Amino acid sequence: MDGIDHDVIPSPPQPRVPVRGGGTFPVRRIYCVGRNFADHAREMGAVAPASKADRGQPVFFLKPANAIVTDGTVTYPPGTQDLHHEVELVVALGRDAPDGVLDPAAAQSLVFGYGVGLDLTRRDLQAAAKAKGLPWDIGKAFDDSAPIGELRRADDIGELAPRTLSLTVNDALRQQSRLDQLIWDVPDILHELSKLYALRAGDLVFMGTPAGVAALQPGDTCVARLDDVLELRCRIAPPRA
Ligand code: MN
């Protein structure tokens with residue numbers, strides 16, 4: 001009788017993100033934060049909190065680990081006429097969280113480093129799901145929906161708050177914000193996620209996008225940056241026939 005010590009199909013590839021200076025970061029899960037910049041919450045028709053005390057609960061959703069794109073080519077996805085860019089800071093966890101709720105003061109010790117990414121969104125499908133009170137998954141969690149640039153170690157980036165996140169499409173500025181505009185900063189988000197999930201080394205967190213989300217077309221070239229310390233370049237390729 002066969003044992004259970006062998007895979008019965010070829011093992012799926014492990015998604016990995018290149019790291020500045022060498023090596024790769026194996027991806028376990030991708031968490032995403034919705035409505036984390038007030039200007040974007042308002043442009044999506046949501047009410048932005050007036051202060052930290054009024055911010056309530058963060059909005060979380062996930063993408064599959066193999067949604068990442070690291071070779072700079074995003075294939076325009078099926079099923080949509082309205083693919084949107086959302087430029088985001090990405091946090092990469094290098095250590096497992098301890099059992100229980102993570103103290104925000106201890107959160108930084110889990111962080112390996114940072115990258116910039118795009119939370120690509122099939123906005124038409126997301127809007128239709130929202131209107132019916134259905135889950136957003138088909139609008140957010142699809143193939144090639146998480147292009148990401150090279151990661152850099154946290155020590156190379158330093159303090160996040162004064163840094164500026166931006167996105168150009170075909171050299172025109174589409175989105176730009178300082179990270180001090182985040183409603184929930186990195187320790188806040190890791191603390192809140194730990195109430196709901198076991199955070200582990202290999203997890204990525206897309207931190208949410210500022211205002212200016214808009215449509216992408218095949219042929220577009222995107223350049224996302226955090227100042228001059230992080231960069232993602234990617235091109236939108238035509239849909240598969
Ligand atoms: Mn987003």
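All values reported here derive from a predicted model rather than from experimental measurement. Counting convention: from 1, in listed order, for ligands and their atoms alike. Sequential numbering from 1 along the given sequence is applied to the chain's residues.
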For this session: Would you sort out whether Arg153 and Asp155 count as a salt bridge (charged side-chain N to carboxylate O under 4.0 Å, His left out), showing the intermediate values?
Result: CA-CA 5 Å; Arg153 287 174 166 74; Asp155 287 349; over 6 Å; no
Exercise. Would you say Asn36's side chain and Met207's backbone share a donor-acceptor pair under 3.5 angstrom?
Worked result: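 Yes.
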Problem set entry | With Val111, the side chain to side chain contact (heavy atoms under 4.5 Å, CB included) member among Val91, Val205, Ile157 |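 For Val111, the side chain to side chain contact (heavy atoms under 4.5 Å, CB included) check succeeds only for Val91.
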Exercise. Is Ile30 isolated, or which residues cluster with it under the ILVMFWY side-chain rule of less than 4.5 Å, directly or via members?
Worked result: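 Members besides Ile30, by chain and number: Val17, Val19, Phe25, Val27, Ile68, Val90, Phe112, Ile148, Leu151, Leu204, Phe206.
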Exercise. Taking the hydrophobic residues Ile, Leu, Val, Met, Phe, Trp and Tyr, and joining any pair whose side-chain heavy atoms are under 4.5 Å apart, which ones share a cluster with Phe61?
Worked result: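 Noted: Phe61 shares its cluster with Val59, Trp136.
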Exercise. So what's near the Mn ion (ligand 1), protein N, O or S atoms under 2.8 Å?
Worked result: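 Within the sphere that stays under 2.8 Å of the Mn ion (ligand 1), the protein atoms of type N, O or S are Glu86 OE1, Glu88 OE2, Asp119 OD2.
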For this session: Apply salt bridge (charged side-chain N to carboxylate O under 4.0 Å, His left out) to Glu86 and list each qualifying residue two or more places apart in sequence or on a separate chain.
Result: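 Counting only residues at least two positions away or on another chain, Glu86 forms a salt bridge (charged side-chain N to carboxylate O under 4.0 Å, His left out) with Arg123, Lys140.
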